[in-house]
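Throughout, protein chains are lettered first and strands after them, A, B, ... in sequence-line order, and every chain is numbered starting at 1.
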2 protein chains.
Amino acid sequence: MNISHVELRHLRLLAAVADSGGLTAAAERLHLTQSAVSHQLKGLEDALGLPLVERAARPVGLTAAGRRLLALAHATLPQVEAALRDLAKLKDGEAGELRVAVECHTCYDWLMPAMDAYRDVWPAVELDLVGGFQADPLALLSERRADLVVTSDGVSRPGLTLLPLFGYEMLALLPPGHALEKKKLLLPADFAGQTLITYPVPEARLDFVRRVLAPAGVKLARREAELTVAILQLVASRRGVAALPAWAVAPYLERGYVLARRIGPQGLWAELYAAVRADDAARAYVADFVETVRRESFARLPGIRPLALHQVAAVPR
Amino acid sequence: MNISHVELRHLRLLAAVADSGGLTAAAERLHLTQSAVSHQLKGLEDALGLPLVERAARPVGLTAAGRRLLALAHATLPQVEAALRDLAKLKDGEAGELRVAVECHTCYDWLMPAMDAYRDVWPAVELDLVGGFQADPLALLSERRADLVVTSDGVSRPGLTLLPLFGYEMLALLPPGHALEKKKLLLPADFAGQTLITYPVPEARLDFVRRVLAPAGVKLARREAELTVAILQLVASRRGVAALPAWAVAPYLERGYVLARRIGPQGLWAELYAAVRADDAARAYVADFVETVRRESFARLPGIRPLALHQVAAVPR
DNA sequence: ATTCAACATGAGAAATATTCATGAAAAAAA
DNA sequence: TTTTTTTCATGAATATTTCTCATGTTGAAT
């Protein structure tokens with residue numbers, strides 16, 4: 001490869017490496033294998049005749065050359081994205097209606113900033129939130145009462161398209177000084193006898209119950225609270241334990257308000273999707289909403305990871 | 001191809017098409033076949049779902065989408081080049097000495113602006129012009145009295161590397177009202193009996209004599225002048241005819257001062273190379289000087305064309 | 001010392017880009 | 001108008017590049 005064959009691909013690669021702190025993490029984010037990232041980075045370094053990434057450190061460090069190229073990436077990639085957005089508007093029009101319904105309580109944490117960012121670049125799209133609890137949120141789509149539903153239900157339905165958003169880790173929350181404090185990770189049996197504090201939703205919608213406790217035959221007393229802060233309040237005051245997304249509790253963890261423990265050896269990972277009507281999936285303003293949510297979330301939220309490109313999720317061409 | 005696979009290659013392509021006014025000309029400039037350009041452009045248009053280039057017109061026109069993408073190209077490509085230059089400096093150092101010798105009289109026309117542009121981006125390189133007429137300019141390199149020689153001699157010598165600059169057309173110049181005025185193109189025999197006005201150099205160095213008149217056995221009276229304006233002055237005042245590079249006479253042609261005619265059916269094309277010592281060819285500040293000359297010349301000079309990548313001209317990696 | 005996580009590497013497979021050999025259409029020339 | 005020339009398009013074959021798979025290496029943590 002020649003120096004004049006530097007491509008946006010390389011800039012995206014370097015940005016991903018720098019941002020995620022390692023080649024393996026970058027590979028996951030780019031939906032490539034670690035090997036591909038390693039090869040490509042080496043190819044780029046060889047072409048330039050300069051090392052870019054110091055692999056020894058963790059998170060990996062950049063050399064002076066790497067920092068210069070990263071500066072280029074930061075300068076050019078947003079320009080490219082803005083141009084592609086303009087082209088999408090030229091193609092599909094600037095306007096549209098996007099009524100967003102959200103199934104999960106904590107999702108407002110990241111949805112609001114994402115919607116703000118989205119409004120900046122798609123000012124002509126009428127963006128609404130469909131409120132209230134829904135027994136079957138996906139039905140809102142076919143009923144045309146919503147255009148996009150954020151759901152953790154990864155099962156596709158006819159007529160709907162699922163666009164993967166991200167995977168996130170659920171952490172078990174304990175008050176400081178709790179009996180389980182010394183354990184590094186918690187197994188289903190450890191929870192026996194505890195009270196579980198949750199949002200007021202049916203157990204079937206609680207990943208922690210459905211995927212961890214129920215399979216192990218553990219049944220806990222439950223107590224409900226509407227708001228994330230209220231749940232944390234209850235945990236902190238030793239009324240029980242809870243399981244919440246890592247991102248939702250990160251600020252409270254920092255202050256030592258509550259403690260977090262991994263659930264199971266690999267952790268308990270849940271997934272979020274944006275469901276849309278199949279014929280809406282290719283619309284530029286819809287696709288870019290999903291893209292914006294992804295980008296903003298990865299920039300903001302700790303403990304989330306990319307989702308493999310789904311069988312159902314045909315990325316709009 | 002997906003919309004998110006837009007690469008710098010595509011921006012370079014579009015810039016070349018827009019700048020050169022057609023796919024074929026763009027292909028030549030990019031050192032690709034016309035077919036490759038057509039395929040690549042079609043691939044890009046398909047990926048975006050939008051046409052970019054209106055092929056009917058000549059020079060080809062851009063659609064609104066094409067103009068938006070060209071704006072992106074103009075915004076990002078210079079940033080990329082600046083970054084690559086910085087990386088080259090990081091690798092090889094910022095400084096160096098570059099003594100440039102020029103064989104051809106008219107070359108100063110484009111050399112000065114190119115040197116100005118070069119000085120802006122390589123301020124630490126000591127840039128000098130080696131003046132005076134040289135019997136064997138390439139000898140200056142081995143004698144280390146110059147570091148780069150602009151020559152029209154495309155024959156490689158051991159220890160030297162030839163970097164192709166560009167090809168240019170030589171035009172025959174006539175005073176308005178000359179007997180040859182009505183001919184669209186001039187053949188060697190047409191010149192019989194004319195006086196040829198040239199720079200004061202041996203006939204062997206005059207492409208027009210060496211490659212057109214001499215092979216046809218035509219021998220003309222000669223008259224010499226030092227400066228391009230002086231030659232034009234003599235032609236205009238009917239003292240003879242001349243053959244000069246198209247770019248050197250373009251401004252005078254516009255004013256109808258003299259007339260220009262193509263020499264032979266294909267025209268008389270000459271070539272310019274930058275010769276450097278082989279071990280200097282890979283130095284970043286040397287390679288970028290050549291690149292700057294090319295870029296500036298193509299932006300400024302009419303009637304020039306890219307030179308095929310030469311067997312000798314190993315582009316520095 | 002062992003294990004684990006992260007990166008490197010060679011070989012083969014897959015995807016992509018380029019060329020070659022034409023064809024079609026439009027402009028220029030006869 | 002017909003012919004020629006120029007320019008772009010296209011399908012098939014080829015070349016090149018990129019990616020994955022399988023495995024090796026390294027360094028840090030247990």
Side-chain angles (χ1 to χ4, degrees), chain A residues 1-14 16-18 20-47 51-63 66 184-185 262 265-267 305 308-309 315 317, chain B residues 1-14 16-18 20-47 51-63 66 183-185 262 265-267 305 308-309 317:
Chain A
M1 190 180 80
N2 188 305
I3 186 172
S4 65
H5 290 44
V6 171
E7 290 288 352
L8 292 177
R9 166 163 20 100
H10 299 119
L11 301 185
R12 296 189 177 109
L13 177 83
L14 191 66
V17 169
S20 60
L23 305 216
T24 305
E28 186 174 50
R29 184 180 300 200
L30 296 168
H31 300 299
L32 290 174
T33 61
Q34 172 267 320
S35 176
V37 170
S38 179
H39 278 297
Q40 192 167 91
L41 183 59
K42 182 171 178 353
L44 180 60
E45 290 179 326
D46 287 355
L52 299 171
V53 176
E54 283 159 356
R55 272 88 156 165
R58 202 117 334 242
V60 294
L62 295 189
T63 64
K184 200 93 215 236
L185 62 87
R262 171 157 284 193
Q266 263 73 59
R305 67 184 185 193
L309 257 34
V315 174
R317 57 169 182 127
Chain B
M1 191 180 80
N2 188 303
I3 186 172
S4 64
H5 291 50
V6 171
E7 290 288 352
L8 293 177
R9 165 164 24 99
H10 299 119
L11 301 185
R12 296 190 177 108
L13 177 83
L14 191 66
V17 169
S20 60
L23 304 217
T24 305
E28 186 174 51
R29 183 180 301 200
L30 297 167
H31 299 299
L32 289 174
T33 61
Q34 173 268 320
S35 178
V37 170
S38 179
H39 278 296
Q40 193 167 95
L41 183 60
K42 182 173 181 343
L44 180 60
E45 290 180 325
D46 287 354
L52 299 171
V53 176
E54 282 160 359
R55 272 88 156 167
R58 200 115 338 240
V60 294
L62 295 189
T63 64
K183 305 205 89 168
K184 201 90 218 248
L185 62 88
R262 171 157 283 193
Q266 262 74 59
R305 67 183 184 194
L309 256 34
R317 58 167 185 130

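First and last contacting nucleotides of DNA chain D toward chain A (any atom under 4.0 angstrom from a heavy atom, 5' to 3' order): D:dT18 to D:dC21.
The nearest whole Å value for the distance from the CG atom in B:Leu23 to the P atom in C:dA24 is 19 Å. Protein atom NE2 of B:His31 is 12 Å distant from nucleotide atom P of C:dT19, rounded to whole Å. Whole-Å rounding puts the B:Leu41 CG to C:dT18 P distance at 13 Å. Atom C1' of nucleotide C:dT16 and atom CD of A:Glu7 are separated by 12 Å, given to the nearest angstrom. Whole-Å rounding puts the B:Leu44 CG to C:dT18 P distance at 13 Å. Between the CG atom of A:Leu8 and the C1' atom of C:dT16 there is a distance of 17 Å, given to the nearest Å. For the pair B:His5 NE2 and C:dA15 P, the interatomic distance rounds to 12 Å; values are reported in whole Å. Between A:Glu28 atom CD and C:dA5 atom P the separation is 14 Å, expressed in whole Å.
In this structure, A:His39 counts as stacked on the base of C:dT9 under the 5.5 Å centre distance and 30° plane angle limits.
Put simply, CD1 on A:Ile3 and CG on A:Leu44 are 9.5 Å apart, with the number rounded to the nearest 0.5 Å. Interatomic distance, CE of B:Met1 versus CD of B:Glu45, reported as 10.0 Å (0.5 Å rounding).
The two residues A:Val53 and A:Thr63 come nearest to each other via the heavy atoms N-CG2, 4.3 Å.
Counting only distance, with no hydrogens or angles, the side chain of B:Gln34 and the backbone of B:Ala27 share no donor-acceptor pair below 3.5 Å. Checked by atom type and distance alone, the side chain of B:Arg9 never pairs as donor or acceptor with a backbone atom of B:Val6 at under 3.5 Å. A distance-only check finds no donor-acceptor pair linking the side chain of B:His39 to the backbone of B:Ala36 [under 3.5 Å].
Each of B:Gln34 and A:Thr33 was matched to the nucleotide of DNA chain D holding its nearest heavy atom; the match closer to the 5' end belongs to B:Gln34. Remark on DNA chain D: of its neighbouring residues B:Ala25 and A:Leu32, the 5'-side contact belongs to B:Ala25, judged by nearest-heavy-atom nucleotide.
Phosphate proximity of C:dA8 to A:Ser38: present, with a side-chain N or O under 4.0 Å from OP1 or OP2. Between C:dA25 and B:Arg55, no contact under 4.0 Å exists linking OP1 or OP2 to a side-chain N or O.
A:Thr24 comes within 4.0 angstrom of the backbone, heavy atoms only, and of no base. Looking at heavy-atom distances under 4.0 Å, A:Val60 makes contact with sugar-phosphate atoms alone, never a base.
The side chain to side chain contact (heavy atoms under 4.5 Å, CB included) search around A:Ala25 returns A:Ser20, not counting sequence neighbours.
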